[in-house]
Number of protein chains: 2
Amino acid sequence: MEQVALARPATVPAKVDEQLCFALYAASKALTAAYRRGLAELSLTYPQYLTMLAVWERDGRSVADLGSAVDLDSGTLSPLLRRLEQAGLIRRVRSTHDERVVHIFVTDRGRELEPRAAAVRARVEAATGLSADEFVQVRSMLHRLRSTVLDALPHL
Amino acid sequence: MEQVALARPATVPAKVDEQLCFALYAASKALTAAYRRGLAELSLTYPQYLTMLAVWERDGRSVADLGSAVDLDSGTLSPLLRRLEQAGLIRRVRSTHDERVVHIFVTDRGRELEPRAAAVRARVEAATGLSADEFVQVRSMLHRLRSTVLDALPHL
DNA sequence: TCCGATTTGATTGAGTACAACTCAACTGTA
DNA sequence: TACAGTTGAGTTGTACTCAATCAAATCGGA
């Protein structure tokens with residue numbers, strides 16, 4: 001494995017702007033903020049939007065399956081799904097085969113939101129100013145970075 | 001301004017994994033998670049670590065100045081700084097020139113944490129598996145993406 | 001000097017995050 | 001068929017995030 005040859009040694013002061021983690025954190029917040037106004041018109045928060053994407057993608061998924069798709073655990077997902085159900089966008093149905101499992105289904109009202117969410121997404125993606133090629137390259141690099149870090153997580 | 005020529009039109013279903021925002025969100029969470037265990041040994045959360053970086057960088061900064069450095073508003077920063085003060089890492093001193101302003105100073109105890117935090121940072125950066133060149137390129141690309149999106153924010 | 005506008009930090013409320021825990025339901029094995 | 005161990009969803013407690021709002025202090029023009 002290749003090691004990072006740092007310009008700045010580990011024991012010397014570091015600036016916030018030089019941190020890769022801050023660059024990621026701030027860029028992520030900026031993109032989330034870009035979604036905020038558009039999603040608010042659909043009465044969705046950003047994590048709720050992500051969750052609806054996963055539900056639209058495949059109906060009847062279990063809570064655990066949704067959690068791995070959107071990278072959230074049951075502690076976050078349970079109340080979030082409760083709010084989506086109260087808003088009438090999804091239904092929760094306990095499995096008959098395995099009573100521990102709850103399946104999530106979109107309602108008609110939830111289905112109606114999909115094209116409107118797609119329009120919001122299109123506006124935000126245009127605002128990134130990235131070409132289609134750049135878009136794909138950045139995305140795949142971020143996925144790669146993520147899986148490298150996740151692989152290293154256990155022995156950190 | 002260049003427009004994104006999307007492979008997938010705006011009105012057609014999109015998958016979670018194809019979203020740039022999700023790639024950013026998930027990568028940011030992974031890197032934050034990589035910091036978690038090491039920072040926990042210093043009794044710091046990740047936003048607290050970011051804030052301490054900014055305080056170590058320059059002593060006596062105002063709350064608003066810190067907020068712009070770490071991209072947090074007073075609603076987040078006020079209780080966060082209260083906890084850092086309770087932990088004995090910083091002091092809050094109200095300005096004599098302008099009584100609205102509060103300056104943040106590191107304590108000796110807070111200063112002692114700096115090299116230990118630097119060691120955590122070094123371990124996490126190594127875990128990214130990025131070369132020094134790649135590290136700098138990814139970082140600058142993320143900064144660029146952020147400022148493009150922030151510029152576009154007002155007319156979204 | 002007076003007074004309206006602005007700035008600064010703090011507070012509140014709704015909604016994530018995440019670790020630690022609970023509990024019912026399921027599984028494999030003897 | 002027992003039953004120890006595991007799994008899935010939910011709950012609790014602490015902390016972060018952001019919009020909206022507030023009070024005090026400052027500033028600036030008449």
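Just so it is clear: chains get the letters A, B, ... in the order the sequence lines come, proteins before strands, and each one is counted from 1. The shown structure was predicted, so the numbers you read here are calculated from the model rather than taken from an experiment.
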Exercise. Taking only residues two or more places apart in sequence, or in another chain, which ones meet A/Val93 in a side-chain contact (heavy atoms from CB on, under 4.5 Å)?
Worked result: A/Arg91, A/Phe105

Quick one: [X] [atom1] to [N] [atom2], roughly how many Å, whole number?
X	N	atom1	atom2	result
B/His97	D/dT26	NE2	P	11 Å
A/Leu81	D/dG10	CG	P	7 Å
A/Leu44	D/dA19	CG	C1'	17 Å
A/Arg82	C/dA17	CZ	P	15 Å
B/Glu99	D/dA23	CD	C1'	14 Å
B/Arg37	C/dA19	CZ	P	10 Å
A/Tyr49	C/dT16	OH	P	15 Å

Seminar exercise, completed: A correct 5'-to-3' footprint of nucleotides 12-18 of chain D, with B, S and - meaning base, sugar-phosphate only and no protein heavy atom under 4.0 Å, is ---SSBB

Exercise. Tell me the salt bridge (charged side-chain N to carboxylate O under 4.0 Å, His left out) pairs involving residues 96-110 of chain A, sequence neighbours left out?
Worked result: A/Asp98-A/Arg100

Exercise. According to the salt bridge (charged side-chain N to carboxylate O under 4.0 Å, His left out) rule, which pairs have a member within residues 74-90 of chain B, sequence neighbours left out?
Worked result: B/Glu85-B/Arg92

Problem set entry | Atom pair OG/NE2 of A/Ser140 and A/His143 - distance to nearest 0.5 Å | 8.0 Å

Pairs under 3.5 Å (N/O, protein and nucleotides 3-9 of chain C):
| from | atom 1 | to | atom 2 | distance (Å) |
| --- | --- | --- | --- | --- |
| C/dT7 | O2 | B/Arg100 | NH1 | 2.6 |
| C/dG9 | OP1 | B/Val63 | N | 3.4 |
| C/dG9 | OP1 | B/Val102 | N | 3.4 |
| C/dG9 | OP2 | B/Ala64 | N | 2.9 |

For this session: Return each pair, listed once, that meets side-chain hydrogen bond (donor to acceptor under 3.5 Å, both in side chains) where at least one residue sits in residues 57-71 of chain B; pairs must be two or more places apart or across chains.
Result: B/Arg58-B/Asp65, B/Arg61-B/Asp65

Exercise. Which pairs, with at least one residue in residues 23-37 of chain B and sequence neighbours excluded, count as a side-chain hydrogen bond (donor to acceptor under 3.5 Å, both in side chains)?
Worked result: none

Can you give the donor-acceptor pairs under 3.5 Å from side chains of residues 46-54 of chain B to other protein atoms, not counting sequence neighbours?
| from | atom 1 | to | atom 2 | distance (Å) |
| --- | --- | --- | --- | --- |
| B/Tyr46 | OH | A/Cys21 | O | 3.4 |
| B/Gln48 | OE1 | B/Thr45 | N | 3.1 |
| B/Thr51 | OG1 | B/Pro47 | O | 2.8 |

Problem set entry | By side-chain hydrogen bond (donor to acceptor under 3.5 Å, both in side chains) - contacts of A/Thr76 (at least two apart) | A/Asp73

